Amino acid sequence: MPLHQAVNDLSLMVDVASTLVSRPGGMDELTRELVRFAKHRAAYDQIRLIDTDGMERIRVQYRYGAATVVPPGELQSKAHRDYFMDTTALERDDVYVSSFDLNIEHHETEYPARPTIRVVQPVVDDAGVRRGILVLNLIGEKVLEVLARRDRNSDLRYWLINPAGYWLFSEDPTRAWGWLLGHDGNISQIPGLSEAVDNPVGGLINTPDGQFAFNRIHLSAQNIPGVVDNVLSEDPYWIVLTVVGEDLLNSNSQARLEAMAMIGAILLVVLVPVSYYWGQWRRRIERAKWRERLYAQVIEQSEELVYVTAPDATILYTNPAVTRLTGYQREELIGKTPSLFKSGRQSAMFYASLWKRLKAEKPLQAVFINRRKDGTIFYESKTISPLFNARGEVTHLVSIGRDITAEQERQEREMRLADQLSLQLSHHFNNLLSPIVNYAEMAADTAEENEQAGIRADIGKVLSGANRIRDVLVKISAMSLSSRLSQGVQVVGPVVRGILKIERTALPDNVHLSLDIEDGMDYVGVEFDDLALILSELINNARDAIEGEGTITLGAKLVTYNGSLACSTCGEPLAGDFIDLTVADTGCGMSASELRHAFDPFFSTKASSRLVGETLGIGLSRVRNRVHAAGGHIRIHSQPGQGTDVHVLCPVREIVAQESNEERDGEDDENDDSMGVAAS
């Protein structure tokens with residue numbers, strides 16, 4: 001690992017640390033980034049963040065191909081170490097390179113010996129406050145391997161010397177690191193070599209033991225290109241010596257040996273390459289960093305609710321919009337799961353269907369009813385998408401949500417207003433209608449007593465109109481959200497057949513009513529006492545949509561949904577077993593805009609000039625309220641000129657025990673009577 005690359009690696013990681021150190025939960029995120037970086041580079045024995053007091057805040061160790069985080073109880077104070085004291089005065093963009101020595105832990109040289117170069121740069125947060133230093137321990141073997149390979153593959157010998165004249169590398173390993181290991185290992189022992197330490201440039205030295213070519217490697221900003229402004233080194237230079245033995249010297253010409261020695265020295269200066277390709281790579285890195293910062297800024301400042309989780313839904317990241325909406329701080333959310341927001345207003349089946357779709361590695365959209373930290377409720381419309389790596393494996397889940405609480409509250413207010421209006425209309429008009437009906441009945445009795453048949457017939461028309469008005473008022477009352485009907489188990493088969501008998505007689509000749517009921521419906525129950533009212537309302541709507549000849553099909557079957565479809569009115573994903581009660585017609589159908597408002601109170605697609613006074617636009621609204629009150633859902637499909645299909649999806653509540661055919665026939669007759677009462 002060349003030293004220039006270590007310097008620029010450090011600069012990149014300092015940028016990351018400067019962004020994260022001041023954020024809530026940022027230290028945990030920085031630790032994860034350093035672990036990933038250590039695994040990727042595999043060139044740094046340790047990576048540490050040290051605070052301004054000299055105490056380690058993070059230490060990541062890379063040993064035997066694995067990166068681990070040192071527990072907080074094992075972190076140490078480095079305030080006494082030279083590299084910490086020497087870096088207290090560094091400017092923001094300065095880089096410090098320590099002397100090349102062995103790693104020291106607890107004031108003693110670590111064994112086995114680990115040659116180490118420490119590269120250090122200050123960490124300054126976005127507010128300009130110094131938060132400490134980031135230290136990369138460059139594994140020294142990466143540098144010395146270059147010399148070792150040359151030494152093995154050549155007749156020449158290679159030495160690396162520090163400014164004090166001690167061996168950092170030699171073909172004789174007992175000479176290296178002498179000043180640290182307690183033995184004499186200085187080139188001053190060899191007569192004539194002191195010139196190599198004192199000479200500011202380099203040259204050749206001839207001794208009785210052979211010829212030495214030496215060259216200095218200076219550690220400075222000019223020789224370490226990259227993003228840093230200044231490189232300060234504890235060792236300002238190293239000395240590379242190429243040693244030509246006396247036997248080899250005598251077998252070659254002086255000129256050839258000098259050329260070989262100089263070429264060898266030049267080849268060894270691998271720590272300071274400056275090339276076109278390096279510049280191109282550096283520019284790509286800078287562009288990538290700029291894009292990453294831009295994307296991060298967009299997410300951080302967005303009003304959308306952004307979560308990033310692990311595949312098991314453990315939260316790894318949230319943007320500030322989540323904190324503003326939920327009241328939880330980011331550090332309270334990291335490591336938790338979104339179940340923290342559960343309000344209890346959505347069923348376990350709802351969440352099970354979501355997980356089923358996510359485990360199938362498919363994106364989903366849903367509306368969540370969640371709870372803030374203070375206990376208040378909010379509605380969130382969100383999209384959850386899996387992220388894949390190059391092998392097609394899911395690595396993260398990304399959730400992007402929008403707060404729709406205001407929209408939901410507005411809809412609820414509108415429904416409450418419609419509720420209050422319907423109740424008040426029903427109450428006041430009933431008060432006005434009662435004396436009309438009473439006096440009309442009295443007048444009818446008088447006309448009958450006086451044998452005034454013509455007057456009696458006219459009064460009968462008045463009573464008929466009054467009863468129609470009363471029927472409308474009953475429907476308005478039934479639409480009210482506060483109106484409650486008892487719930488009881490209804491057997492699907494008899495109910496549907498009973499509705500068929502009643503409605504078939506009431507339909508005009510041009511409309512045909514057919515039945516499409518699946519086998520087994522006589523043994524399946526749903527908890528709808530007002531099921532007949534719902535089906536009658538849908539059949540009436542279908543009848544009004546047919547002009548000329550047409551067909552209405554009344555169907556019932558058992559269906560299973562896996563969460564891929566949602567309710568047309570509440571948007572909740574459908575998951576589980578349902579009884580699908582269908583009313584399909586071949587009428588005029590509805591446009592997309594009409595379909596969006598089909599379930600709104602007092603909305604009608606019928607021509608008012610043709611049906612003045614005959615429709616209030618409350619039929620589908622009543623159906624929606626009743627179905628949802630019983631825990632069901634609705635699916636609707638329609639296109640202009642192609643008719644409309646309405647599917648009432650009822651949860652299966654009970655399986656009715658099979659009985660004899662005679663008993664079922666008797667029950668069918670009883671249910672037919674009940675259908676007649678409900679339909680009226």
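The figures that follow rest on heavy atoms only: side chains count, while hydrogens, waters and symmetry mates do not. Nothing here was measured: the structure is a model prediction, and the numbers come from that model. FYI, the numbering just counts along the sequence from 1.
For R371, there are no salt bridge (Lys or Arg N to Asp or Glu O under 4.0 Å) partners at least two apart in sequence or on another chain. Under the ring-ring contact (aromatic ring centres under 6.0 Å, His included) criterion, Y317 pairs with no residue, sequence neighbours left out. With sequence neighbours excluded, the residues that form a ring-ring contact (aromatic ring centres under 6.0 Å, His included) with Y166 are W179. Under the rule for a salt bridge (Lys or Arg N to Asp or Glu O under 4.0 Å), the partners of E303 that lie at least two apart in sequence or sit in another chain are R324.
Residue pairs that meet the salt bridge (Lys or Arg N to Asp or Glu O under 4.0 Å) test with at least one member in residues 127-138, sequence neighbours left out, are D125-R131. Sorted by first and then second residue, the salt bridge (Lys or Arg N to Asp or Glu O under 4.0 Å) pairs involving residues 384-401 (not counting sequence neighbours) are R391-E393.
D86 has no carboxylate O lying under 4.0 Å from a charged side-chain N of R81, or vice versa, which leaves the two without a salt bridge. Using a cutoff of 4.0 Å between basic side-chain nitrogens and carboxylate oxygens, E29 and R32 are not scored as salt-bridged. Checked for salt-bridge contact, K373 and E332 meet the test: a charged N lies under 4.0 Å from a carboxylate O.
Between N319 and R330, the side chains place no donor N or O within less than 3.5 Å of an acceptor N or O (distance only, hydrogens not considered).
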Step by step, would you call F378 with L325 a side-chain contact (heavy atoms from CB on, under 4.5 Å)?
CA-CA 9 Å; F378 68 95; L325 178 64; 3.7 Å; yes
Give the C-alpha distance, both sets of side-chain angles, the deciding distance and a yes or no for side-chain contact (heavy atoms from CB on, under 4.5 Å) between L397 and V308.
CA-CA 6 Å; L397 299 176; V308 179; over 6 Å; no
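Paired with V119 under the rule side-chain contact (heavy atoms from CB on, under 4.5 Å), one option of V95, V135, L134 passes, and it is V95.
F368 carries K382 over the face of its six-membered ring, with the cationic atom under 6.0 Å from the centre and within 45° of the normal.
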